[in-house]
Amino acid sequence: MTQENQPAVHDENQIIAERRAKLTEIRQTNNAFPNTFRRDHLTSELFKQFNALSKEQLEEQPTIVKIAGRMVLKRVMGKASFATIQDMSGRIQLYISNDHTGEPVHAAFKHYDLGDILGAQGTLFKTKTGELSIRVTDLQLLTKSLRPLPEKFHGLADQEQKYRQRYLDLITNEETRKVFSIRSKVVQAIREFFVERDYLEVETPMMHSIPGGASARPFSTHHNALDMALFLRIAPELYLKRLVVGGMEKVFEINRNFRNEGISTRHNPEFTMLEFYEAYQDFTYLMDFTEQMLAHVAKQVLGTTHISYQGKTIDLSKPFMRLTITQAIQKFHPDYTTEQLNDRNYLIKKLQALNIHLNPNDGIGGLQLSLFDETTEHLLFEPTFIVDYPAEVSPLARRNDSNPDITDRFELYIAGREIANGFSELNDPEDQAARFQEQAKAKDAGDSEAMHYDADYIRALEYGLPPTAGEGIGIDRLVMLLTDSPSIRDVILFPQLRQED
RNA sequence: GGGUCGUUAGCUCAGCCGGUAGAGCAGCGGACUUUUAAUCCGUUGGUCGCCAGUUCGAUCCUGGCACGACCUACCA
């Protein structure tokens, strides 16, 4: 390590300089970064196993344990000290005194800093207030922390820093640790739910030569060796349905999608999507399936199907409401008559009056959907399936048998947000080809989110896609619901931010 | 993209009518053998986001820029 080769460090301060000096001193006598200490317990295990024992029981049958973790609190009192050590499972208090470690170890401890990573061996005991603690006999500094931690009581409050330096947020904020623990369990519960039902988990390409499966602007990149344009996927849908053609009749994928669009409290450019497909089922089956899955996941992860979101309660155990687009509009805005909602001229005038963006080529269904999006979507707090999506905005969904202008499709709204989108799949290759043509026309006309014509996908359909039901669920938004998080950035470990400095 | 608000010590935050800054925590030194956000005494630490302008003088007023948060629009 030569000073000359190191990049200039701009944020050096007195505290860091002092800690660096301590590290330099340690280097002179010891290995400053030893990797020989092995713990034999996590802190939470110690509480589980031994907290029920009394002070006397612990003294009669001494238990020797080794733990390791980051020192987050420190209280020095002359010839004895207390320190709180945090590991992945929780915290435990160390008692360090000249009597049990000898004076030199305790003296060294006094120079350890908050944030340092320690390994400790000692005997379990209870303090006079009854707190399970470790009476330390051996103490080692495992990793010197050069930078001071955020304020020990308030933790890290600055939102930007919480996102940019998530590790600091995780060290100091138990709520943050809990959110990501729940996120992990949600994904695990979903995976188990599918595996139990004989679904096969698959991974399909993240880089597409033709971005498809959704209406969104893609990120584009380039493959040098092949000298070809590639797009980060906006959805896995068309690949998953190719697998169903191939005979994988129940498949699911939990993975990232990338959309080159706005960033908000509900949108991150890369987000996690569950998509699943099951042959020989339809969209009504999916709605039942979704109700069961969400109730199962909530029960499994939170232990209850009654979740609290931003001060209101949501019950995931009862069947969700099912409303058509116009029924939903009328439920919240009873002044709209059925005649008005089916009158193209009325809808256009109304949308213009409300200053709502509309596509002039839209039919009645598209116009109804625009009105719904603007006036009603955000009011759907209770879990609600919206059905009867117009075919013109559903280029991959099967037409309804009795009304070809609408599709066998639903979207699920909870807490005013779209959580899921599912439908009976369009498996008529000729209809699909015609719909791609329409999308391609729209794209030529300037709609940057319209779909490309995917000839290989049509070829796959021509081999025969069995009647199939398929659905996508936004995992981040589901985790927001289950962790009562107001922003998607709170459930993504490293949300997208502008570049620093 | 539009609007509102914010940026002061490593962290959490004060800072009145414009006179170049304070507290707590953390750090350093000292006291203290059951503390628990330990306590007590002493003490170091600041380009007040950046750049202009107004002014004798700007953390404070004005303009611009950067970054962020929230709301809003497109999208999941």
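Remember, it's a predicted structure, so these values are computed and weren't measured experimentally. Just so it is clear: chains get the letters A, B, ... in the order the sequence lines come, proteins before strands, and each one is counted from 1.
- Ring pair Phe283(A)/Phe410(A) is parallel by interplanar angle, where below 30° counts as parallel and above 60° as perpendicular.
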For each nucleotide in nucleotides 23-30 of chain B, reading 5' to 3', give B when a protein heavy atom comes within less than 4.0 Å of its base, S when such contact involves only the sugar-phosphate, and - otherwise. -BBBSSS-
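- Counting non-hydrogen atoms under 4.0 angstrom, Ser133(A) reaches nothing in the nucleic acid.
- Taking only side-chain nitrogens and oxygens, Arg164(A) comes nearer than 4.0 Å to OP1 or OP2 of G68(B).
- Using cut-offs of 30° and 60° on the angle between ring planes, the pair Tyr239(A) and His208(A) is tilted.
- Using a 4.0 Å heavy-atom criterion, one finds that Phe258(A) contacts no nucleic acid atom at all.
- Straight-line distance from the CD atom of Gln159(A) to the P atom of C13(B): 11 Å, rounded to whole Å.
- Rounded to an integer number of Å, the gap from CZ of Arg498(A) to C1' of A69(B) is 13 Å.
- Heavy atoms of Glu377(A) sit nowhere under 4.0 angstrom from any nucleic acid atom.
- Only the P atoms considered, C5(B) is 11 Å distant from U62(B), to the nearest whole Å.
- Remark: the Arg183(A) side chain and the Thr272(A) side chain contain an N/O donor-acceptor pair separated by less than 3.5 Å.
- Note: OH (Tyr163(A)) to C1' (A69(B)) measures 8 Å, nearest angstrom.
- Which of G68(B), C11(B), C70(B) sits closest to the side chain of Gln161(A) comes down to C11(B).
- Rounded to a whole angstrom, the distance from the P atom of G24(B) to that of A58(B) is 30 Å.
- Distance check on atom C1': A38(B) versus U34(B) gives 11 Å, rounded to whole Å.
- Ion pairing between Asp490(A) and Lys178(A) fails under the 4.0 Å rule for side-chain N and carboxylate O.
- Side-chain atoms of Thr204(A) and Arg242(A) form no donor-acceptor pair, as typed in the model, at a separation below 3.5 Å.
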Paired and unpaired positions of RNA chain B as dot-bracket, Watson-Crick or G-U wobble under 3.5 Å, | denoting a partner strand: (((((((..((((.....[..)))).(((((.......))))).....(((((..]....))))))))))))....
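- Ser264(A) has no side-chain polar atom (N or O) that falls below the 4.0 Å cut-off from OP1 or OP2 of C74(B).
- Within the structure, a side-chain polar atom (N or O) of Arg75(A) is placed less than 4.0 Å from OP1 or OP2 of A38(B).
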Begin with the C-alpha distance, continue with both residues' side-chain angles, and end with the deciding distance and a verdict on salt bridge (charged side-chain N to carboxylate O under 4.0 Å, His left out) for Lys152(A) and Asp113(A). CA-CA 12 Å; Lys152(A) 67 184 176 188; Asp113(A) 294 296; over 6 Å; no
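- Comparing the C1' positions of G2(B) and G46(B) gives a spacing of 37 Å, expressed to the nearest Å.
- Among the protein residues, Asp373(A) comes within range of no part of the nucleic acid, since none of its heavy atoms lies under 4.0 Å from any strand.
- Checking Glu45(A) against Gln49(A) by side-chain atom types alone, no donor-acceptor pair falls below 3.5 Å.
- As rounded to the nearest Å, G22(B) and C65(B) have C1' atoms that lie 29 Å from one another.
- Checking G68(B), C11(B), U35(B) against the side-chain heavy atoms of Glu131(A) singles out U35(B) as nearest.
- Side-chain contact annotation: Gln310(A) with Asp484(A), donor-acceptor N/O pair under 3.5 Å present.
- Ile488(A) has its CD1 atom 12 Å from the P atom of C70(B), to the nearest Å.
- Among the atoms of the strands shown, none is found under 4.0 Å from any heavy atom of Ile419(A).
- For Phe252(A) and Phe276(A), the ring centers sit 6.0 Å or farther from each other.
- In this structure, Arg417(A) atom CZ and A73(B) atom P are separated by 13 Å, rounded to whole Å.
- For Tyr389(A) and Asp408(A), the side-chain atoms include no donor-acceptor pair closer than 3.5 Å.
- Rounded to whole Å, the distance from CZ on Arg20(A) to P on G10(B) is 15 Å.
- Screening Lys74(A), Arg147(A), Lys144(A), Lys110(A) for a salt bridge (charged side-chain N to carboxylate O under 4.0 Å, His left out) involving Asp116(A) leaves a single residue, Lys144(A).
- We find that CD1 of Ile16(A) is positioned 14 Å from P of A9(B), with the value rounded to whole Å.
- Nucleotides of RNA chain B nearest to Gly262(A) and Leu497(A) differ in position, and the one nearer the 5' end is that of Leu497(A).
- A donor-acceptor pair shorter than 3.5 Å cannot be found between the side chains of Gln93(A) and Tyr95(A).
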For a ring-ring contact (aromatic ring centres under 6.0 Å, His included) check, start with the C-alpha distance between Phe289(A) and Phe193(A), then their side-chain angles and the critical distance, and finish with the verdict. CA-CA 10 Å; Phe289(A) 188 94; Phe193(A) 189 84; 5.3 Å; yes
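- Between C17(B) and U7(B), the two C1' atoms lie 24 Å apart (nearest whole Å).
- Among the nucleotides U33(B), C70(B), U36(B), the one closest to the side chain of Ser487(A) is C70(B).
- Residue contacts shown for Gly472(A) are absent, as no nucleic acid heavy atom lies under 4.0 Å away.
- Contacts between residues 91-109 of chain A and RNA chain B, counted as heavy-atom distances below 4.0 Å, involve Gln93(A), Tyr95(A), Asp99(A).
- Between the NE2 atom of His378(A) and the P atom of C71(B) there is a distance of 14 Å, given to the nearest Å.
- Annotated as anti: C11(B), whose O4'-C1'-N torsion sits more than 90° from 0.
- When each of Gly130(A) and Glu449(A) is assigned the nucleotide of RNA chain B with its nearest heavy atom, Gly130(A) is the one assigned upstream, toward the 5' end.
- Remark: of the listed residues Phe332(A), Phe381(A), Phe372(A), Phe385(A), Phe372(A) is the sole one forming a ring pair (Phe, Tyr, Trp, His ring centres under 6.0 Å) with Tyr413(A).
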